Amino acid sequence: MKDSPLEAVIGLEVHVQLDTGRKLFCADSTAFGAPPNTAVCPVCLGLPGALPVLDPGAVDLALRAALALDCTIHPISIFARKNYFYPDLPKGYQISQFERPLATRGAVELDGGRRVRIRRVHMEEDAGKSLHDRFASATAIDLNRTGTPLIEIVSEPDLRSPGEARSYLQLLKRLMEYLEVSDCNMEEGSLRVDANVSLRKKGSERLEASTEVKNLNSFSAVEKALGVEIGRQTRIRAEGRAVTRQTLLWDAAGGDVRVMRDKEDSQDYRYFPDPDLPPLVLSAARVASLRAGLGELPRAKRERFRRQYELPAYDADVLTSSRGLADYYEAIVACGRQPKTVSNWVMGPVLETVKRGIADLSSPGLAPGRLAELLVLVDKGTLSATAAKTVLAGMARSGDPPGAIVLREGLTQVREDQVLDRWVTEAVAAHPEAVTRYRAGETRLFGFLMGQVMRASGRKADPRRVRQLLRAALDADAD
Ligand code: ADP
Ligand code: MG
């Protein structure tokens with residue numbers, strides 16, 4: 001679109017699953033991957049006489065999200081029935097907030113500083129799932145998802161490119177993960193996107209007819225689908241035709257959009273307040289206490305990490321991806337360790353240990369004080385970095401302090417010249433050919449010989465000193 005006088009106008013509707021572990025109006029589990037149709041009860045099925053009861057935990061998470069998105073919270077919101085027929089919706093309606101949503105008029109700021117307004121954040125329940133790929137010719141229905149708590153975050157049409165839509169989604173995902181509102185696992189459907197897009201003359205304020213691509217479940221799908229749809233609309237306009245309001249489906253395999261239905265004949269959902277559910281009334285005190293509990297939001301924290309600890313943007317990003325990780329990092333730095341060193345250790349070996357499931361950040365062996373002790377041993381030269389990684393693994397597994405592991409496993413770094421010299425001499429004697437070639441100018445063989453010395457020492461030699469001694473040995477006998 002670079003040379004085109006048209007610009008893209010994009011607004012996103014994002015569904016985020018609330019991490020309460022249970023359904024919105026009954027206590028059934030929402031655990032992913034349960035055998036089909038095992039987490040259903042009369043309430044999710046809408047059987048006569050079953051009474052939905054709103055989960056206050058879901059409301060708190062929804063409020064946290066809305067507050068972090070800078071929305072106005074409404075003291076009264078209403079759950080309505082959105083009526084439509086679909087095989088995976090046994091009740092015949094979905095409970096959602098319509099005319100009176102939980103929150104409206106928020107905003108977020110993208111990294112480049114662009115502001116994206118949030119139109120509304122409302123709560124709703126999910127429908128079931130139709131499975132088209134399990135049986136050759138039949139569609140199967142899994143109702144476990146029915147009643148799963150969601151929020152829908154609706155943006156104003158403030159985004160101007162597929163890339164910007166992606167940045168916005170990344171920001172939302174990060175925020176929701178950080179606030180522990182949702183795990184945002186897109187493969188499991190915890191974050192789904194409907195993307196609305198239209199084109200207009202650059203500089204125009206008018207909104208043209210838009211199309212909506214439904215149910216995108218990855219960032220790249222959003223970006224690609226928008227790109228393809230912008231291309232399609234551009235061609236339609238170039239031919240002098242008008243874009244019509246349509247709902248589209250993204251065909252990931254074919255890399256194309258397919259028309260699902262025309263919006264002109266879009267259905268009337270006959271919304272009305274759910275007679276089984278009273279209006280949701282929020283006290284000012286509840287909202288205020290949730291607001292106070294938000295604490296420092298990820299963006300502010302990331303900026304502070306960059307400034308206060310002089311960290312590269314990448315480090316600050318990773319370390320502030322969750323509140324737990326950020327607190328963990330700061331606790332180690334507070335023990336007096338150098339911020340960038342701590343960052344390297346946390347982002348590398350510590351997170352690796354956590355990812356491999358050996359321990360987590362709250363395990364005693366990885367306690368911030370313990371990590372700080374380990375880094376002191378490295379700073380003092382007692383441990384080489386390699387040995388320190390071995391000690392860290394031991395700490396994670398056993399929960400013992402680093403000092404005890406160093407003693408037990410004899411990992412103290414050897415720095416006495418006498419001992420180091422012996423290993424150097426051995427290595428030089430054992431590899432005469434490499435030594436000759438090194439002296440003839442093949443300097444890269446230094447690394448090989450260095451490796452031999454370290455190996456001979458069982459990786460306990462102080463590499464800095466070995467380097468000096470080896471170089472001296474090789475150069476001394478050269479002439
Ligand atoms: P509804 O679905 O209730 O009719 P809208 O279609 O106005 O509401 O808004 C749904 C989403 O579509 C919002 O995220 C909004 O920003 C976006 N949107 C609305 N109009 C346009 C437009 N002309 N171009 C692109 N996106 C739009
Ligand atoms: Mg819509």
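Counting starts at 1 for both ligands and their atoms, in listed order. Bear in mind that the values here come from a model prediction, so they are computed numbers and not experimental data.
A donor-acceptor pair under 3.5 Å is absent between the side-chain atoms of Tyr329 and the main chain of Thr320, judged by distance alone.
The closest side-chain donor-acceptor pair between Glu330 and Tyr309 falls under 3.5 angstrom.
Those atoms of ligand 1 with a heavy atom of Leu12 less than 4.0 angstrom away are 14 (O). The contact set between ligand 1 and Leu207, taken as ligand atoms under 4.0 Å from a residue heavy atom, comprises 23 (N). Proximity to Val154 (heavy-atom distance under 4.0 Å) selects the following atoms of ligand 1: 13 (C), 14 (O). Close approach of ligand 1 to Val9 is summarised as follows: ligand atoms under 4.0 Å from at least one heavy atom of the residue are 24 (N), 25 (C). Remark: ligand 1 atoms within the under-4.0 Å shell around heavy atoms of Ser155 are 13 (C), 14 (O), 15 (C), 16 (O).
Considering Glu212, Glu156, Arg117, Arg119 only, the shortest heavy-atom separation from atom 19 (C) of ligand 1 involves Arg119.
For ligand 1, the polar-atom distance check against Pro157 finds a nitrogen or oxygen pair separated by under 3.5 Å.
Only one option out of Ile78, Leu102, Ile151 pairs with Gln97 in a side chain to side chain contact (heavy atoms under 4.5 Å, CB included); it is Leu102.
Within a 6.0 Å sphere centred on OH of Tyr86, heavy atoms belonging to other residues, nucleotides or ligands number 12 at most.
Interatomic distance, Leu319 CG to Arg306 CZ, rounded to the nearest 0.5 Å: 12.5 Å.
Checked against the 6.0 Å centroid threshold, Tyr269 and Phe98 do not count as a close aromatic pair.
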